[in-house]
Amino acid sequence: MEVGIMHDEESGRDGDQQPEPEAKPSFASMIGANSNIAQNADGGIDLLSTVGGVRGILETVLPGFIFIMVFALSSNLTWALFASIGLGVIFMVIRLAKRSTLIQSASGLIGILICAFAARHTGNAKDYYIPGFYTSGAYLLALVVSVILRWPLIGLLFGFIRNEGVEWRNKADRLRRYQIATWIIIGVFALRLAVQLPMYYTDHVVALGVARALMGVPLYAAGLWFAWLLSKPAETATGDSSGAVAN
């Protein structure tokens, strides 16, 4: 009887024990997990998938390109804005028809509307590109701050998909490589501003539009690829990666 009571009491104590709460992911892990960077079968970076595929490139580049082409041919801001917005809507309708994700086309359309509002508000076609300057400046600032704080953002993104987590911060060589990789992307945004801001202030609208198209996805993809190569873990004599779990 006493044994039964003791057994019940032990069972009750066991039942009162609460399961240990799962550890919440760190902010750094969340940044890496929510990146859109994809890998190919060989473990390298899949640039085409990372930038959204062919459709994603078209959705990103074409609206702005159509805007500047229509404006260059007609000198009519309203027509140019309608052409750009209309193309953004068409891209979204196509996504709806194919029942694919709307995130990229919806965010692209919102961006187009913001640019259109900026240009319409001032009546000046060159102001269509003002939001892009603020975006590039914000990314540049965030990347520079991350390097100063020794939490380079490119390290968070690449480290996650290479299964390094944030352990690379404890290894001087890996930290240095990711800082260099982050400076490469900083260079991409700095180059955009250095080239395009003079065009904006000197009213070279068509040249600005062409530069924005060429220095958008193509330049970013090139910078990302170069950053990936430079930040690869060093190979040891046995072929294993030094300072990382996987490439």
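- In this structure, the side chain of S84 engages the main chain of P63 through a donor-acceptor pair within 3.5 Å.
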If you apply the rule side chain to side chain contact (heavy atoms under 4.5 Å, CB included), what do you find for M92 with E59, and how did you get there? CA-CA 9 Å; M92 179 168 283; E59 291 175 348; over 6 Å; no
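- Between M215 and V188, the closest side-chain pair of non-hydrogen atoms is not below 4.5 Å.
- Looking at heavy atoms from C-beta onward, Y128 lies in side-chain contact with I112 at the 4.5 angstrom threshold.
- Residues I68 and G209 share a closest heavy-atom pair of CG1-CA, 3.9 Å.
- Linking ILVMFWY side-chain heavy atoms closer than 4.5 Å, directly or via other members, places I94 and I85 in two distinct hydrophobic clusters.
- Annotation: side chain of F82 is not in contact with side chain of V70 (no heavy-atom distance under 4.5 Å).
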Walk me through whether H121 and D127 qualify under side chain to side chain contact (heavy atoms under 4.5 Å, CB included). CA-CA 9 Å; H121 180 69; D127 290 332; over 6 Å; no
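- Within the cation-pi definition used here (under 6.0 Å to the ring centroid, within 45° of the axis), R174 qualifies as a partner of Y178.
- The closest side-chain heavy-atom distance from F133 to Y200 is below 4.5 Å.
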Apply side chain to side chain contact (heavy atoms under 4.5 Å, CB included) to the pair W151 and V166, showing each step before the final yes or no. CA-CA 9 Å; W151 280 92; V166 293; 3.8 Å; yes
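- Side-chain contact between W168 and L156 is present, with at least one heavy-atom pair separated by less than 4.5 Å.
- For the pairing with F189, the side-chain contact (heavy atoms from CB on, under 4.5 Å) check across L143, L141, T135 returns one residue only, L143.
- For the pair P152 and T182, the tightest heavy-atom approach, listed with the atom from each and the gap, is CB-OG1, 3.1 Å.
- For the salt bridge (Lys or Arg N to Asp or Glu O under 4.0 Å) with D173, the qualifying choice from R169, K171, R176 is R176, the only one to do so.
- Side chain of S146 to main chain of L153: a donor-acceptor pair is present (N/O by atom type, distance under 3.5 Å, no hydrogens or angles).
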Go through the steps to decide whether F71 and N76 satisfy the test side chain to side chain contact (heavy atoms under 4.5 Å, CB included), and finish with yes or no. CA-CA 6 Å; F71 181 77; N76 190 306; 6.0 Å; no
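- Contact annotation: the side chain of M199 never approaches that of K126 to less than 4.5 Å [non-hydrogen atoms, C-beta and beyond].
- Side-chain contact check for I186 versus W183: some heavy-atom pair is nearer than 4.5 Å.
- In this structure, L113 is a member of the same hydrophobic cluster as L77, with clusters built from ILVMFWY side-chain heavy atoms closer than 4.5 Å.
- The side-chain tip of R162 points at the ring of W228 from less than 6.0 angstrom away and within 45° of straight on.
- Y139 and V145 fall into different hydrophobic clusters, where Ile, Leu, Val, Met, Phe, Trp and Tyr residues are linked whenever their side-chain heavy atoms come under 4.5 Å apart, directly or through other members.
- The aromatic rings of F67 and Y129 sit perpendicular to each other, their planes meeting at more than 60°, with 30° as the lower class boundary.
- Within the structure, no pair that satisfies the side-chain hydrogen bond (donor to acceptor under 3.5 Å, both in side chains) test touches residues 213-223, not counting sequence neighbours.
- Taking all atoms of both residues into account, the shortest heavy-atom contact from A213 to P218 is O-CD, 3.7 Å.
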